[in-house]
2 protein chains.
Amino acid sequence: MARPSHVRDAVREALSGSTRHAWSIEDVLHELRGRRVSADFSSVFRALTFLEREGLVSRVELGDGKARFEATHGHHEHVRCDSCGAVAPVPGCPVEGTRAQVERATGFTITGHRLLFSGLCAECRGRVG
Amino acid sequence: MARPSHVRDAVREALSGSTRHAWSIEDVLHELRGRRVSADFSSVFRALTFLEREGLVSRVELGDGKARFEATHGHHEHVRCDSCGAVAPVPGCPVEGTRAQVERATGFTITGHRLLFSGLCAECRGRVG
DNA sequence: GTGGGTGCAAAACCTTTGCATCTGC
DNA sequence: GCAGATGCAAAGGTTTTGCACCCAC
């Protein structure tokens with residue numbers, strides 16, 4: 001029954017009150033530490049899992065072996081920098097409207113999708129090449 | 001210098017001589033066992049890594065926490081069954097042609113993408129709902 | 001008291017690497 | 001012999017879970 005949870009509250013605030021996208025658990029932990037919120041890795045993990053069940057947070061897979069989370073927003077895709085790992089949101093979605101076609105081609109009932117672009121962010125393009 | 005490698009050979013044959021897509025290392029191991037090929041997990045792992053460097057095999061990430069591999073084919077996307085985990089290829093690609101737009105919107109230089117559909121395969125649709 | 005929230009530590013899972021061995025060449 | 005291929009086992013890196021403790025109701 002709605003007992004106070006400083007970790008959960010802080011995680012919710014961190015994710016919704018920042019422009020950063022696709023937080024790893026470590027990212028969240030560092031952010032909390034920066035805010036002087038004492039928290040443990042497993043508590044952050046549990047907070048994220050909890051918020052995910054609530055629908056406030058979405059888990060996104062970016063293929064770097066780490067779980068990533070972000071505040072649930074409108075539908076969007078992601079782009080990840082091959083060099084530094086930075087993640088940015090991609091507005092819009094080129095996949096909309098292809099569902100019927102994919103269902104016809106595969107026999108699956110399609111319920112969702114995940115699109116991840118890879119490339120170089122502006123910063124790394126200047127630095128790396 | 002081209003020394004015989006029964007594991008590598010068997011892995012190559014398994015991946016190219018089957019309709020299955022997106023093999024996990026365990027999948028390959030079971031297939032080899034079925035073919036009476038003795039092999040160890042790490043040998044299969046090394047064979048896959050080797051074939052990947054050769055370009056004969058591609059590593060694909062399907063967000064289930066396991067590395068997946070498949071024979072390198074023309075560009076295609078994947079669909080994964082939420083219920084049983086079956087993976088099927090999706091011909092074509094709705095993302096082609098959106099690169100310029102994404103680059104404009106994000107400032108990244110886009111070099112690739114990964115699209116994964118999720119849904120229910122025909123079998124699970126009948127069984128689960 | 002009771003049940004949820006936390007921290008700490010250990011368990012689980014996968015992938016990757018080290019090492020000794022075996023085998024063609 | 002030498003170098004590559006293998007198996008076994010252990011190391012690494014992350015995510016999950018078990019447990020004991022503490023605190024708000």
Side-chain angles (χ1 to χ4, degrees), chain A residues 1-15 22-54 56-70 80 84-85 87 114 116, chain B residues 1-15 22-54 56-70 78 80 82 84-85 87 114 116:
Chain A
M1 328 101 161
R3 315 231 342 214
S5 166
H6 71 277
V7 173
R8 206 136 73 205
D9 295 343
V11 168
R12 182 163 31 218
E13 271 180 41
L15 262 67
W23 303 66
S24 71
I25 298 176
E26 282 293 347
D27 290 337
V28 179
L29 201 47
H30 286 149
E31 174 72 18
L32 296 202
R33 298 251 163 88
R35 295 179 181 217
R36 298 282 149 64
V37 174
S38 106
D40 174 76
F41 187 97
S42 67
S43 298
V44 171
F45 167 75
R46 282 192 270 239
L48 287 167
T49 304
F50 178 91
L51 295 172
E52 188 193 7
R53 270 201 299 269
E54 298 277 290
L56 297 177
V57 158
S58 302
R59 188 174 189 143
V60 297
E61 287 285 348
L62 298 182
D64 62 350
K66 290 186 181 179
R68 304 292 194 117
F69 300 84
E70 66 184 20
R80 178 162 182 278
C84 71
V87 177
R114 246 178 41 214
L116 172 66
Chain B
M1 321 96 171
R3 315 230 343 212
S5 167
H6 70 276
V7 174
R8 207 135 74 204
D9 296 343
V11 169
R12 183 163 31 219
E13 271 180 42
L15 262 66
W23 304 66
S24 70
I25 299 177
E26 282 292 347
D27 290 338
V28 179
L29 200 47
H30 286 149
E31 174 72 18
L32 295 204
R33 298 252 163 87
R35 295 178 181 219
R36 297 281 148 65
V37 174
S38 107
D40 174 75
F41 187 96
S42 68
S43 298
V44 171
F45 168 75
R46 283 191 270 238
L48 286 167
T49 303
F50 178 92
L51 294 173
E52 188 192 6
R53 270 200 299 270
E54 298 278 288
L56 297 176
V57 157
S58 302
R59 190 176 188 139
V60 297
E61 286 285 347
L62 298 182
D64 62 349
K66 289 186 181 179
R68 302 293 194 117
F69 301 83
E70 65 183 21
H78 295 91
R80 179 163 180 279
D82 289 330
C84 72
V87 176
R114 239 176 49 211
L116 173 66

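Proteins come first, then strands; the chains are lettered A, B, ... in the order of their sequence lines, and each starts at number 1.
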Checklist entry - Is the phosphate of D:dT6, meaning OP1 or OP2, less than 4.0 Å from a side-chain N or O of B:H6? => result yes
Next on the checklist: Does B:L15 form a side-chain contact (heavy atoms from CB on, under 4.5 Å) with B:W23? I'd like the steps, not just the answer.
Outcome noted: CA-CA 8 Å; B:L15 262 66; B:W23 304 66; 3.8 Å; yes
Checklist entry - Which of the following nucleotides, D:dT6, C:dG24, D:dG7, is nearest to the side chain of B:D40? => result D:dG7
Checklist entry - At under 4.0 Å, does any side-chain N or O of B:S42 touch on OP1 or OP2 of D:dA9? => result no
Checklist outcome for this item: Looking only at C:dG5, C:dT23, C:dG7, the nucleotide nearest the B:R3 side chain is C:dT23
Item to check | Distance test, side-chain N/O of B:S5 to OP1/OP2 of D:dA5, below 4.0 Å | outcome: no
Next on the checklist: To check you understand the geometry: which heavy-atom pair defines the closest contact between B:H6 and B:S38, and what is its length?
Outcome noted: NE2-O, 3.1 Å
Checklist entry - Given that B:F69 and A:V7 both sit by DNA chain C, which one's nearest nucleotide is further toward the 5' end? => result A:V7
Checklist entry - What integer distance in Å separates A:F45:CZ from C:dG5:P? => result 15 Å
Checklist outcome for this item: Ranking C:dG7, D:dT16, D:dA5 by distance to the side chain of A:A39, first place goes to C:dG7
Next on the checklist: Using only modelled atom types and a 3.5 angstrom limit, is any donor from either the side chain of B:R8 or the base of D:dA5 paired with an acceptor on the other?
Outcome noted: no
Next on the checklist: Rounded to whole Å, how long is the line connecting atom CZ of B:F41 with atom P of C:dG18?
Outcome noted: 17 Å
Checklist entry - Testing B:R68, B:R114, B:E70 for side-chain hydrogen bond (donor to acceptor under 3.5 Å, both in side chains) with B:H78, which one passes? => result B:E70
Checklist entry - Is there side-chain contact between A:L29 and A:F41, with at least one heavy-atom pair below 4.5 Å? => result yes
Checklist entry - Which of the following nucleotides, D:dA3, D:dT6, C:dT15, is nearest to the side chain of B:A67? => result C:dT15
Item to check | Rounded distance in Å - CG (B:D9) to P (C:dG24) | outcome: 14 Å
Checklist entry - Heavy atoms under 4.0 Å, any strand shown: does B:T49 hit a base, just sugar-phosphate, or nothing? => result nothing
Item to check | Out of C:dT16, C:dG7, C:dC25, whichever nucleotide has its closest atom nearest the side chain of B:P4 | outcome: C:dC25
Next on the checklist: What is the distance, to the nearest angstrom, from the CG atom on A:L29 to the P atom on C:dC8?
Outcome noted: 11 Å
Checklist entry - Could one point to a donor on the side chain of A:R46 or the base of C:dT6 with an acceptor on the other under 3.5 Å away? => result no
Checklist entry - Tell me: CZ of B:R68 to P of C:dC13, nearest whole Å? => result 17 Å
Item to check | Distance, rounded to the nearest Å, where B:L48 contributes CG and C:dT17 contributes P | outcome: 14 Å
Item to check | A:S58 OG to A:L48 CG distance, which is reported to the nearest 0.5 Å | outcome: 11.0 Å
Next on the checklist: Output the rounded distance in Å from CG (B:L62) to C1' (C:dT15).
Outcome noted: 16 Å
Item to check | Rounded interatomic separation in angstrom, taking CG from A:L51 and P from C:dG4 | outcome: 17 Å
